[in-house]
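Here the structure comes first, spelled out in structure tokens, and everything after it is commentary.
The shown structure was predicted, so the numbers you read here are calculated from the model rather than taken from an experiment. In each ligand, atom 1 is the first atom listed, and ligand 1 is the first ligand listed.
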Amino acid sequence: MTAITLTVNGQSVSAEITPRTHLADFLREHLLLTGTHIGCEHGICGACTVEIDGEIARSCITYAAGCDGAEIRTIEGFDDDKLMARLRQAFSEAHALQCGYCTPGMLIAARDLIRRKGGLSGAQIRTEMSGNLCRCTGYVGIVEAMARVMAERATLDLPSASVRGARLGPAPGPASSTTGNAKPAAPHRSLAASANVGSASARGTQSPPPVAPTTKGRRIKVEVGSVEEVAGKTRLTQSFVLEHPRDAVWQLMADAQAVATCMPGMKLDAPLPDGRVTGRMEIALGPIKASFAGEGTIASFPAEYRQVISGKGGDRKSSSSAAGEVAYRLRRETGPSGVEVTRVDVELGYSLTGPLAQFSRSNMVRALVSRIGESFAQNLDAKLSTPEDAEILSAPLSMGSLIWRVAFDRLRTGVTRVFGRKS
Ligand code: FES
Ligand code: FES
């Protein structure tokens with residue numbers, strides 16, 4: 001059993017729970033706060049949405065033990081919240097609920113969106129709310145209610161942002177871009193899926209995620225080898241070619257700080273005197289934002305143009321930990337135009353424990369790593385092409401958008417097979 005103390009709707013709560021108890025179950029069964037609904041228990045439907053440290057999150061895929069010390073707010077905790085009161089009224093007026101099962105999660109997500117953003121079109125509201133599913137209403141009333149409240153935003157006393165810099169959440173739907181160009185969280189019928197697909201915004205929901213621009217607009221193809229499980233670790237290889245001489249690539253890649261800036265979501269601190277490095281890797285995994293803090297070592301073999309980085313770290317909130325190493329070697333090759341280019345061979349091995357471990361077993365790992373490698377390779381290329389002005393894709397790695405893109409690619413492949421042409 002694990003002892004936890006957390007604040008729920010302003011009340012301090014202490015309990016002994018099994019480490020595997022999910023926050024949703026803890027709220028419903030230990031505290032009898034049954035306004036938090038459980039739909040899919042997979043982080044898809046958003047029915048279980050609550051606030052953790054001021055950010056919305058899925059309580060069905062959050063361990064209660066990981067919330068030790070956190071402030072939780074459930075739908076029962078919004079009784080004196082003016083924005084929530086206005087939303088409840090608007091939902092009622094616009095017939096935004098039928099059975100009401102999705103409504104607690106929908107209201108919490110809607111309040112969070114209106115608190116953060118205003119002036120969104122109906123299509124953009126659908127996109128932003130695409131992580132909350134409703135089986136009854138067809139979403140029309142929900143969007144109408146939200147649009148009404150959003151239009152009054154200037155006159156509302158909007159609550160401030162996250163109170164404590166939460167590390168879990170935000171939950172449903174796309175990230176905090178104001179452009180509304182992120183992707184639905186799941187291949188279920190969602191708000192975005194039922195939107196007017198002819199609108200630019202709605203079409204934007206099906207675009208691939210952004211890739212780092214390069215000065216020459218190159219997209220770098222990354223070849224990914226097979227994924228293997230060896231001695232408890234997931235191992236795979238990838239390889240790509242940079243159109244730069246090997247010495248120039250080595251100069252960049254031998255600099256761990258420079259390499260880290262090319263990896264989306266990664267930040268390294270200054271090296272310690274004993275050669276170790278500490279840093280952080282941020283991953284947005286649908287509803288979960290994990291921030292792995294850890295330390296590692298770097299071994300360089302300049303004569304072989306080879307470097308090995310090993311490290312391990314953990315994410316306190318999701319109770320996940322990771323350990324692994326990445327080794328890369330540079331090989332000189334001759335490009336099609338006869339100039340020297342560099343092949344980068346990467347070997348990756350890692351193990352994950354905790355809730356995020358599902359991704360070490362996923363069949364999608366190979367495709368995901370290919371996407372990660374593409375961003376990394378293109379950032380390297382941008383940095384080599386214009387060291388001072390390189391536009392680096394540095395946002396936290398979003399597995400959610402990567403998964404969506406993989407699914408989109410697969411769908412496109414299927415359509416191509418059926419119709420014999422690119423969709
Ligand atoms: Fe569906 Fe949690 S119950 S997201
Ligand atoms: Fe029934 Fe939304 S009102 S699921």
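Residue G46 approaches ligand 1 through these ligand atoms, each under 4.0 Å from one of its heavy atoms: 1 (Fe), 4 (S). Close contacts between ligand 2 and R135 involve ligand atoms 4 (S) [criterion: under 4.0 Å to a heavy atom]. Of all atoms in ligand 1, listed by their number and element, those nearer than 4.0 Å to a heavy atom of C45 are 1 (Fe), 3 (S), 4 (S). Residue C60 has at least one heavy-atom neighbour below 4.0 Å for each of these atoms of ligand 1: 2 (Fe), 3 (S), 4 (S). Taking every heavy atom of G43 and a limit of under 4.0 angstrom, the matching atoms of ligand 1 come to 4 (S). Those atoms of ligand 2 that come under 4.0 Å of a heavy atom in G100, given as number and element, are 1 (Fe), 3 (S).
For atom 3 (S) of ligand 2, the closest non-hydrogen atom on the protein side is Q98 N, 3.2 Å.
There is no side-chain donor-acceptor pair under 3.5 Å between T62 and S59. Under the 3.5 Å distance criterion, with hydrogens and angles disregarded, a donor-acceptor pair is assigned to the side chains of S300 and Q307. A donor and an acceptor atom, one from each side chain of N9 and T74, are located under 3.5 Å apart.
The environment of E325 atom CD is dense: over 12 non-hydrogen atoms of other residues, nucleotides or ligands sit within 6.0 angstrom. Within a 6.0 Å sphere centred on CZ of R153, other residues, nucleotides and ligands contribute more than 12 heavy atoms.
Ring geometry for H22 versus Y63: interplanar angle under 30°, hence parallel rather than tilted (30 to 60°).
Only backbone heavy atoms of E41 (N, CA, C or O) come within less than 4.0 Å of ligand 1; its side chain stays farther off. At a 4.0 Å heavy-atom cut-off, ligand 1 touches I44 through the backbone alone.
Applying the side-chain contact (heavy atoms from CB on, under 4.5 Å) test between L113 and each of L120, V149, I56, I108 identifies L120 as the sole match.
Backbone or side-chain N, O or S atoms of C40 do not reach atom 2 (Fe) of ligand 1 at under 2.8 Å. Inclusion of C134 in the first shell of atom 1 (Fe) of ligand 2 is not supported: no N, O or S atom falls under 2.8 Å. Here C48 meets the criterion, with an N, O or S atom under 2.8 Å of atom 2 (Fe) of ligand 1. At a threshold of 2.8 Å, atom 1 (Fe) of ligand 2 has no backbone or side-chain N, O or S atom of C102 nearer than that distance.
Judged purely by atom type and a 3.5 angstrom limit, R115 has no side-chain atom pairing as donor or acceptor with the backbone of L158.
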Working for salt bridge (Lys or Arg N to Asp or Glu O under 4.0 Å), residues D79 and R88: CA-CA 10 Å; D79 282 354; R88 282 174 164 150; 3.6 Å; yes

